[in-house]
Amino acid sequence: MSDSHFLQVSNLEVSASINMPGDKRKKIILVDNISFNLQRGEVIGLIGESGAGKSTIGLAALAFARSGCGITGGSIKINGLDILSLSDREKNKIRGTQVAYVAQSAAAAFNPAHRIGDQVIEVAIQHKLMSKKQALSYANDLYAKLGLPDPENFGRRYPHQVSGGQLQRAMTVMALCAKPDLIIFDEPTTALDVTTQIEVLATIKNAIKDTGVAALYITHDLAVVAQVSDFIMVLRQGKMIEFGTTDAIINHAQQKYTQELVSIRVAEKIEQAQPSVRPLLEINHIDAAYDGSNKVLEDVTLHLHAGQTLSIVGESGSGKSTLARVITGLLSPLQGNIVFQGVELSAELKNRDIEQLRELQMIYQMADVAMNPRHTIGQIIGRPIEFYHGIKGAQQRRETIELLDQIELGEKYIDRYPAELSGGQKQRVCIARALAAKPSLIICDEVTSALDPLVADGILQLLMSLQKEHNYAYLFITHDLATVKAISDSIAVMYQGSLVRFGQKSAVLSPPFDDYTQMLLSSVPEMELGWLERILASRKMQSADH
Amino acid sequence: MATQHQTLGQLVVRRLLLGVVLLLLISLIIFAGTELLPGDVAQSILGQSATPEAVRNLRLEMGLDRPAAERYLSWLSNILQGDLGTSLSSGRDIGDMIGDRLGNTLFLASSAAIIAVPLAVFLGLIAVLHRNGIVDKIISISTISMISLPEFFIGYLLILLVAVQLNWLPSSSIVYNSMSFAERLQAIALPCITLTLVCLAHMMRMTRAAILNVMSSAYIETAQLKGLSPFRVIFHHAFPNAISPIITVIVLNLAYLVVGVVVVEIIYVYPGMGQLLVDHVTNRDVPVVQAVGLIFAAIYILLNMFADIMAIVANPRLRHPK
């Protein structure tokens, strides 16, 4: 067997079979006729939206399919051995030892009951590849190599005792520890903040280079995959759309779908000037805490004009969602007040009148759980029409249809249930529900972060056209800087509960920057080969200067 | 939210205090309950033919004329000093009467627990390993059939088969102080088997359900993708995370073994707490009934407290704070 084709995937088909009424079973093809080869030391990026079959292909390389699914066709050869034809026991001998897996959320993928170190060396010990002493010392080397703090003692900690970024690196150590030939990275940085992502991305890239391991790198973020892979395969609904070198895909995509992926972010708002009238919403010197002592927000002062968009951007733990809770009255601040339309809002939700509630609506990140699954779309949108405006019957139905037209879904959706809609459609229904109250301010809490890029872009364009037409003000909470750039009139940057920077979009996004904003902005991956190296090199120079 | 800031010690101490409060409440309920029982103790001791004069004298002598609250407090303070009072029917010290009986009941209950708990957990693990397969179904069907039959039925069935027809073991489980340990074990074999069969299904089903609940976690998939054997995935990775609900149900069953043995003790004529209780309820011997009730309640609360504390301790986030 020639070494050049160390992994050969041919005509892979993975399907799920679901029970249909009348004792019939229906086969749904998840991955359709996928073939590719991989040499040692090479990285193929698998890219596509949710449901494209990326993870399914990754798991198939371990001869594994999630429950309810099965590998129903094709072959996967590792070093010439067809792993799909092996017995369960023989498949287990390959898993972890020849092919290892790095999961999306290390926080969920580490067993909370055992120490990190024990889990890291488990493969090597259980498959009798190393003695415990050898495995421990190799793991310690890897902790050090991947930049984990106090490498000698790191393994003695429990998963909940370290940060998300450290855990994700530990997961990579766990995969490397048994010296596999191939590692499947399944969205390894998606759950991390951008500033953490860049460090983890760099360690993963170095680890691949140093150990010469081959890798499948699965992600929905083309800019990320451009930094680590030699080749990119674009997938859609289980089918391969395009395959080529990273340079070819990023710079010379042939297929229309790939071109769309490369050039997302059509939405772009031209910043409006701040009018000299009193702002719609004034947030004055807010301090807030959940348990009375540890302040989650400290002296936050912001304002937002009618018909404009204020984006609040920050990483997890920056207090941006807490601020939304204070504005909506779900959390009473320790200090400070909220002035809305020139009137101070009561700190507590129960003391606000129905008009104040109507004027201030909210859209959430998870459209799925924000809707009652047993109500039809018509009932979901009709409810605020009746509650705030007392409109029932035929008139209510007419207004509901009008709203459905506004969100570009139309009348035919009125009797459907949320479960029958896609993620983007569900979020549109949530928008319609907020609009039904006829508010003047809508708080959007990470409304696009659970959506695929193209769908998210559609939602942003819808929100902007609605704003133009009806003069809604948006308070947009997000961790995604690309979204911020696209939709804002003004931007507030938050870090650990305090406001770092606040002003017009053009002012906030142009130099001179404060250190944190500089780091945040430069951490957003750009769709450009060599971006990671460039940014790391410039940071190194900066820290050498200081 | 608030519990995250408490240390393990604080949580355990709080649970202990709660147990003490609960025990006090139970003592109040037991006292009130026996107070509400129809009939007068003095009357029932002396019989229907007693003169009203004699009944009145006895009432005075027993202090029954004092207000209930006062009698409760003196009863409680005596118990706290270790004095359970004297039996009305026999005049013996209740502490002495209970001593042996409690020992017998705990011996029977712990023998049953030593067999039932590991067996139930083991069967639960095997059921998960072969989930939805034939082995799983056989384990579930057989244990559930056992729990569906009332314990007196299982008891008499065992006597019929094992004692009467096969003549392997004695049908009555009378034990004496002079018996050797081996003789005792032989005597309690049948009640022990009966109790095991009765509580096995509950523990086994709960073990199975708790582990299956954990089996859908991402870290189980991680373990599977490490190529570990199915048994190691279940025993090493799933079981430790399912331990809290399993401990809870095991302890509930242990409490049942102690408190719920009444019927089994009667069937096998075993001289334990259950028999003592039944005998003295018939005699209207209120102090004995109160004492036995309180001891049962204390055991029940202690075991549950133990379960809660174990569940707290089993949480690695609390054992190893950041």
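Just so it is clear: chains get the letters A, B, ... in the order the sequence lines come, proteins before strands, and each one is counted from 1. On a predicted model such as this, the values are computed, not experimentally measured, just so you know.
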Legend entry - Sequence neighbours excluded, every pair satisfying salt bridge (Lys or Arg N to Asp or Glu O under 4.0 Å) that has a member inside residues 94-107 of chain A: none

Inset, instruction - Please report the closest heavy-atom contact between A:Ala108 and B:Ala218, naming both atoms and the distance. - result: O-CB, 3.5 Å

Legend entry - B:Gln224 portion near chain A, given a 4.5 angstrom heavy-atom threshold: both

Legend entry - Residue pairs fulfilling salt bridge (Lys or Arg N to Asp or Glu O under 4.0 Å) with at least one residue in residues 107-124 of chain A, sequence neighbours excluded: A:Glu122-B:Lys226, A:Glu122-B:Arg232

Inset, instruction - Evaluate whether atom CZ of B:Phe235 has more than 12 neighbouring non-hydrogen atoms of other residues, nucleotides or ligands under 6.0 angstrom away. - result: no

Inset, instruction - Indicate the atoms forming the closest heavy-atom contact of B:Leu225 with A:Leu62, along with that distance. - result: O-CD2, 3.9 Å

Legend entry - Heavy-atom closest contact (B:Asn241 atom, A:Asn111 atom, distance): ND2-OD1, 2.6 Å

Inset, instruction - List the atom of B:Thr222, the atom of A:Ala109, and the distance in Å for their closest heavy-atom pair. - result: OG1-O, 3.0 Å

Legend entry - Over all atoms of both residues, closest heavy-atom pair of A:Ala113 and B:Pro316: CA-CG, 4.0 Å

Inset, instruction - Please indicate whether B:Leu17 has more than 12 foreign heavy atoms, meaning atoms of other residues, nucleotides or ligands, lying under 6.0 Å from its CG. - result: yes

Legend entry - Distance-minimising heavy-atom pair for B:Gly227 and A:His127: O-CE1, 3.3 Å

Inset, instruction - Answer yes or no: are there more than 12 heavy-atom neighbours, outside A:Lys91 itself, under 6.0 Å from its atom NZ? - result: yes

Inset, instruction - With sequence neighbours excluded, give me every ring pair (Phe, Tyr, Trp, His ring centres under 6.0 Å) pair touching residues 296-317 of chain B. - result: none

Inset, instruction - Give me the contact list for residues 163-174 of chain A versus chain B, heavy atoms only, anything under 4.5 Å, ordered by residue number. - result: A:Met171, A:Met174

Legend entry - Check: B:His320 main-chain N/O paired with A:His160 side-chain donor or acceptor under 3.5 Å: yes

Inset, instruction - Identify which part of A:Leu59 has an atom lying under 4.5 Å from any heavy atom of chain B, answering side chain, backbone, both or neither. - result: side chain

Inset, instruction - Measure A:Arg89 against the heavy atoms of chain B and call it side chain, backbone, both or neither at under 4.5 Å. - result: neither

Inset, instruction - Examine whether an atom of A:Gln119 lies under 4.5 Å from a heavy atom of chain B, and if so say whether it belongs to the side chain, the backbone or both; otherwise answer neither. - result: both

Inset, instruction - Please look at A:Phe110 and chain B and tell me whether the side chain, the backbone, both or neither of the residue comes under 4.5 angstrom of a heavy atom of that chain. - result: backbone

Legend entry - Atom pair CD/OG of A:Gln126 and B:Ser229 - distance to nearest 0.5 Å: 7.0 Å

